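Here is the structure we will look at.
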Number of protein chains: 2
Amino acid sequence: MAAGREEIVDAAFRLFATRGYDATAVDDIATGAGISRSTFFRSFGSKEAVIFPDHDTLLGRVSERLRTSHANSALSAVVDAVKIVLFHYVAEGDRARERYRLTSAVPALRERELVSGARYQQLFRRHLSQWGDGSDDSELRAEVSAAAVVAAHNRVLRRWLRGECTDPHEEIERALAVVQHTFVHEAVDGPAALVVVPEGVSMRMVEAALRQVVEGALVADSPPSRRRRGSSGDRVTPSSQ
Amino acid sequence: MAAGREEIVDAAFRLFATRGYDATAVDDIATGAGISRSTFFRSFGSKEAVIFPDHDTLLGRVSERLRTSHANSALSAVVDAVKIVLFHYVAEGDRARERYRLTSAVPALRERELVSGARYQQLFRRHLSQWGDGSDDSELRAEVSAAAVVAAHNRVLRRWLRGECTDPHEEIERALAVVQHTFVHEAVDGPAALVVVPEGVSMRMVEAALRQVVEGALVADSPPSRRRRGSSGDRVTPSSQ
DNA sequence: CACCCAATGAAACTAAGTTTCATGCGGGAC
DNA sequence: GTCCCGCATGAAACTTAGTTTCATTGGGTG
């Protein structure tokens with residue numbers, strides 16, 4: 001028979017869908033794919049791994065993206081990299097949704113998925129940590145923002161998997177923008193002020209006022225480049241629609 | 001013999017410390033504690049569970065604290081509740097550090113710990129979600145801030161476990177204050193602007209300028225109370241010490 | 001053809017976790 | 001005291017994931 005990885009995965013998903021995950025033994029998958037038990041374990045290492053067959057390559061791609069990123073801030077690179085993950089799942093289509101059904105039903109698989117997510121989070125944390133100044137605050141920020149990025153990703157992904165999401169591109173951009181906006185003030189050196197203006201006062205007025213009164217203070221849409229001397233700025237649009 | 005839970009846990013930790021986790025079979029633990037294999041599984045369900053014997057009660061205590069919290073915001077309640085977890089581990093002392101040594105060395109245990117953390121995170125997310133308005137943005141914020149709180153907790157806990165932390169009380173307060181500060185502006189309704197002023201321009205000058213030019217715009221030190229009408233504000237001091 | 005090496009299969013083995021049943025023990029009820 | 005009941009324990013068989021070891025095969029190369 002000599003089935004490739006794809007055929008084995010297909011056979012496994014077919015069996016899981018019909019008999020259920022727990023009721024399907026590895027022997028069943030093996031015979032279903034026309035291979036031996038030995039070959040299965042050689043190819044996947046565990047029964048759970050067949051559900052997440054390309055996790056390692058995906059992790060590698062994300063890691064590579066982080067390494068070669070030309071983003072103007074560490075957080076931007078992370079935010080950029082996490083989209084690879086989301087779009088990978090979106091591209092999988094029904095297979096991803098079938099996996100979601102399984103992970104929702106089988107605690108062991110849900111935990112496995114959690115562990116996968118933590119791997120990304122660790123990658124992100126390390127990246128952010130590397131670009132920080134090594135201070136306690138910097139490390140804390142790295143950890144918290146890595147968690148935030150992953151959480152935002154998870155939310156959009158889950159919505160898409162549940163079919164609650166029409167345009168995952170737009171949603172992930174928006175969700176990550178919120179995260180990025182929430183944490184950008186951490187990437188700049190100078191004092192920052194978050195001000196809330198009353199209704200009727202447009203953001204444009206605030207910008208103009210600031211520009212007029214405080215020379216050199218900038219209010220811009222683009223995120224500040226890394227480690228600037230405190231002369232860059234960023235506007236934050238609040239949560240509400 | 002008829003050993004209680006405590007004795008069994010003690011025996012298990014003793015064996016894990018000497019022989020290592022993988023090299024210790026459940027039979028060894030059972031005989032070490034003077035009980036039978038059956039009784040062990042009846043008491044703990046799995047070999048891994050003996051490492052985290054009071055996870056369920058701790059989760060229950062945290063859940064209870066959330067339910068009965070009188071904090072003035074959902075996030076405050078969560079921030080409050082997560083301290084229970086930290087201080088529980090701190091109170092455990094050497095036992096917690098021994099566990100840390102094990103989870104650091106044994107991947108399976110690290111994953112288990114991860115899953116435990118995710119349980120808290122889910123609890124927090126649900127609590128925050130409950131207090132939100134149900135909008136997509138609100139749900140996203142709930143998920144992201146729950147992740148942020150857990151991440152901050154994890155960092156302080158890990159530092160304490162490694163002995164890098166002299167005063168866990170102070171560190172957790174500080175770390176959670178950062179998180180709370182980072183996310184409070186999400187609790188206000190009006191448009192917000194995050195501005196970064198150049199060096200040499202004091203925050204006081206910015207405040208004065210804003211107050212002068214934009215009538216009604218406030219820049220204050222105290223975080224705004226929940227669901228204000230957009231006339232409150234919050235200053236964010238940036239990362240650097 | 002002879003050789004080699006890499007992939008496969010077969011089978012034994014370990015250990016976790018489940019299930020089933022037997023046993024014993026304490027505490028009433030009479 | 002004795003009978004009985006419930007409950008915790010123990011014993012042992014069983015299932016299955018995952019490992020290890022060894023034999024086989026088959027395809028490419030000199």
Side-chain angles (χ1 to χ4, degrees), chain A residues 1-53 55-56 99 102-103 105-116, chain B residues 1-53 55-56 99 102-103 105-116:
Chain A
M1 294 293 165
R5 278 179 72 90
E6 290 303 319
E7 282 101 327
I8 302 176
V9 171
D10 285 348
F13 269 86
R14 218 176 310 123
L15 284 166
F16 292 158
T18 58
R19 276 190 234 177
Y21 178 81
D22 288 323
T24 303
V26 173
D27 279 310
D28 300 332
I29 305 173
T31 56
I35 58 168
S36 77
R37 214 174 101 87
S38 299
T39 305
F40 176 87
F41 278 112
R42 254 189 288 261
S43 303
F44 294 93
S46 81
K47 183 182 170 187
E48 290 171 359
V50 81
I51 309 272
F52 311 95
H55 170 251
D56 281 341
R99 182 186 303 116
L102 286 169
T103 54
V106 183
L109 295 181
R110 200 198 311 252
E111 296 180 3
R112 177 75 178 209
E113 198 180 34
L114 219 67
V115 171
S116 298
Chain B
M1 293 290 166
R5 278 179 73 90
E6 290 303 319
E7 284 102 327
I8 302 176
V9 171
D10 285 347
F13 269 86
R14 217 175 312 123
L15 285 166
F16 291 159
T18 59
R19 274 191 236 178
Y21 179 81
D22 287 323
T24 304
V26 172
D27 279 309
D28 301 332
I29 305 173
T31 56
I35 58 168
S36 77
R37 215 175 100 88
S38 300
T39 306
F40 175 87
F41 279 112
R42 256 188 287 262
S43 302
F44 294 94
S46 80
K47 183 182 169 187
E48 291 171 358
V50 81
I51 308 272
F52 311 95
H55 171 251
D56 281 341
R99 183 185 303 116
L102 287 169
T103 53
V106 183
L109 295 180
R110 201 199 310 255
E111 295 179 5
R112 177 74 177 210
E113 198 180 35
L114 220 67
V115 171
S116 298

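Just so it is clear, the values below take in all heavy atoms, side chains as well, and ignore hydrogens, waters and symmetry mates. We name chains A, B, ... by the order of the sequence lines, and we start the count at 1 in each one. Bear in mind the structure is a predicted one, so any value in this text is a computation, not a measurement.
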Measure across Asp28(A) and Thr31(A) and return the closest heavy-atom pair with its distance rounded to 0.1 Å.
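Residues Asp28(A) and Thr31(A), closest heavy atoms: O-OG1, 3.0 Å.
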In whole Å, what is the span from the [atom1] atom of [X] to the [atom2] atom of [N]?
| X | N | atom1 | atom2 | value |
| --- | --- | --- | --- | --- |
| Ile8(B) | dA8(D) | CD1 | P | 14 Å |
| Asp27(B) | dA16(C) | CG | P | 7 Å |
| Glu7(B) | dT9(D) | CD | C1' | 16 Å |
| Glu48(B) | dA16(C) | CD | P | 10 Å |
| Asp28(A) | dA17(D) | CG | C1' | 13 Å |
| Phe40(B) | dG10(D) | CZ | P | 13 Å |
| Arg19(A) | dT16(D) | CZ | P | 11 Å |
| Phe41(A) | dT14(C) | CZ | P | 17 Å |

Can you find a donor-acceptor pair, distance only, under 3.5 Å between [X] side chain and [N] base?
| X | N | answer |
| --- | --- | --- |
| Arg42(B) | dG10(D) | yes |
| Ser38(B) | dA11(D) | yes |
| Arg37(B) | dG10(D) | no |

Taking the side chain of Ile35(A) as its heavy atoms from C-beta onward, which of dG9(C), dG10(D), dG18(D) lies nearest to it?
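Of dG9(C), dG10(D), dG18(D), dG9(C) is nearest to the side chain of Ile35(A).
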Cationic tip of Arg99(B) above Phe16(B) ring, under 6.0 Å, 45° of axis:
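No; the conditions do not both hold, so Arg99(B) does not lie above the ring face of Phe16(B).
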CG-CD distance between Leu114(A) and Glu111(B), expressed to the nearest 0.5 angstrom:
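One finds 10.0 Å between CG of Leu114(A) and CD of Glu111(B).
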How long is the span from the OH atom in Tyr21(A) to the CD1 atom in Ile51(A), to the nearest 0.5 Å?
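Tyr21(A) atom OH to Ile51(A) atom CD1 measures 6.0 Å (nearest 0.5 Å).
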For a quick test of reading the model: is some side-chain N or O of Thr39(B) closer than 4.0 Å to OP1 or OP2 of dG10(D)?
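Looking at the OP1 and OP2 atoms of dG10(D), one of them is under 4.0 Å from a side-chain N or O of Thr39(B).
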